[in-house]
Amino acid sequence: MTTTAIYAAGAVCWRLIDGKVHLLVIHRTVYGDVTIPKGKVDPGETLAQTAVREIKEETGLSVHLGVPLGVSTYPLSSGREKIVHYWSAEVTDQAVRESTFIPNGEVAALEWVTIKRARSYLSYERDVEILEAFAALVEEGVTATFALIAMRHGKATSPSEWSGEDATRPLAPRGVKQAAGNVPTLLAFGPHKIVTSTAVRCVSTVSPIAAAAGIEPKRSDLISQDAYERGESDVRRVVGRRVRALKTAILCSHGPVLPEILHEIALATGSTRGSYLGSAAALETGAFSIVHLSRTNPSSGIIAIETHEPRV
């Protein structure tokens, strides 16, 4: 992020009403406009974390993020540039029932409208452009999604500084910070399952997000580096289970195994192979790639991949 720009994040919140996709727009009190929920990044926040927080604050709705929809960039009257990152976000019936929204000094009203209505209703062309990115997903029938998050373990103690077996190498202090720093972003995507290599550095990497999400990680030699190097890993079995489950999951493994994980996700979903898979697998320690897939038709292929670098 550049210091001169103002960063913000939001989402196109959607739900089915009488079988038809409706989007949430907000009527802002001060500006008298109609727009998509979004807000500025607070100090120390990640963009994904901001999007979820701002939606909660503006609409009272608790959501998890789906597919990235793009970035809006525009100048402000101050001369600074504003850069807004957007995702899709499906709103559950439970979230609607539990919404805490009341009209306030920032948002006067919420309204659910059809895509057709939103095109002429939104006050800004830049919002319409984000809307069209979402509308394209609707046209393709891949609106409802889940994600497989391929993660590389955090920075570990160097092999030259460790006398034990490789699988017992612990995280270095930087790796511990990376693991903790990833939690807010990972929570924004609502993981339901965590599968980790049995190596200590992988188990330690997922421990903070497991604690925050209330998930007991499943330890598996099938995606460990030792098993991979012995020719005894079974990435296909692990990935296949997670694709069939249709729920967002984290798979924490090692640099040499990550290309196989991305390859198997592509095979399991009928995706075209390409250099994009290599890019998504070429992660530095502590980084992760979020692979978005259709919940209603996983065989329609990978919808999008976003890579998040560690914050330290």
*Any donor-acceptor N/O pair, E90 side chain to A144 backbone, under 3.5 Å*: no

*Test the R126-Y74 pair against the cation-pi criterion, namely NZ or CZ under 6.0 angstrom from the six-membered ring centroid and within 45° of the ring axis.*
yes

*Do the side chains of V243 and L148 get nearer than 4.5 Å, heavy atoms only?*
yes

*Examine Y121 together with H27 and report whether their ring centres are nearer than 6.0 Å.*
yes

*According to the interplanar angle, ranging from 0 to 90°, do the rings of H292 and F189 count as parallel (below 30°), tilted (30 to 60°) or perpendicular (above 60°)?*
tilted

*Flag the pair I223 / V239 as yes when at least one side-chain heavy-atom distance between them is below 4.5 Å, and no otherwise.*
no

_With a 4.0 Å cut-off on N to O distance, would you call E45 and R311 a salt bridge?_
no

*Quick one: are R15 and V96 in side-chain contact, heavy atoms under 4.5 Å?*
yes

*Any side-chain donor near an acceptor of the partner, S197 and H153, under 3.5 Å*: no

*CD1/I250 to OG1/T196 distance, rounded to the nearest 0.5 angstrom?*
10.0 Å

*Nearest heavy-atom pair of A167 and R201: which atoms, and what distance?*
CA-NH1, 4.1 Å

*Could you go through the ring pair (Phe, Tyr, Trp, His ring centres under 6.0 Å) check for F288 and H308 one step at a time?*
CA-CA 5 Å; F288 54 93; H308 294 258; 5.2 Å; yes

*Indicate yes or no: does E54 engage K38 in a salt bridge with an N to O separation below 4.0 Å.*
no

*Any side-chain heavy atom of I303 sitting closer than 4.5 Å to one from S294?*
yes

*Got R28 and E106 here, is their nearest side-chain heavy-atom distance under 4.5 Å?*
no

*Does a side-chain heavy-atom distance below 4.5 Å link V238 with S220?*
yes

*asked:* Any salt bridge linking E132 with R119? Criterion: basic side-chain nitrogen under 4.0 Å from a carboxylate oxygen.
replied: yes

*Partner set under side chain to side chain contact (heavy atoms under 4.5 Å, CB included) for A180, not counting sequence neighbours*: none

*Shared hydrophobic cluster for V200 and L171 (ILVMFWY, side-chain gaps under 4.5 Å)*: no

*Should I26 and I36 be counted in the same cluster of Ile, Leu, Val, Met, Phe, Trp and Tyr side chains packed under 4.5 Å apart?*
no

_Do S253 and R152 make a side-chain contact, defined as non-hydrogen atoms from C-beta onward lying under 4.5 Å apart?_
no

*Check the side chains of S289 and T307 for a donor-acceptor pair under 3.5 angstrom, ignoring hydrogens and angles.*
yes

*Does the side chain of I130 come within less than 4.5 Å of S72's, by heavy atoms?*
yes

*Establish, from distance only, whether the side-chain atoms of T185 and T46 form a donor-acceptor pair under 3.5 Å.*
yes

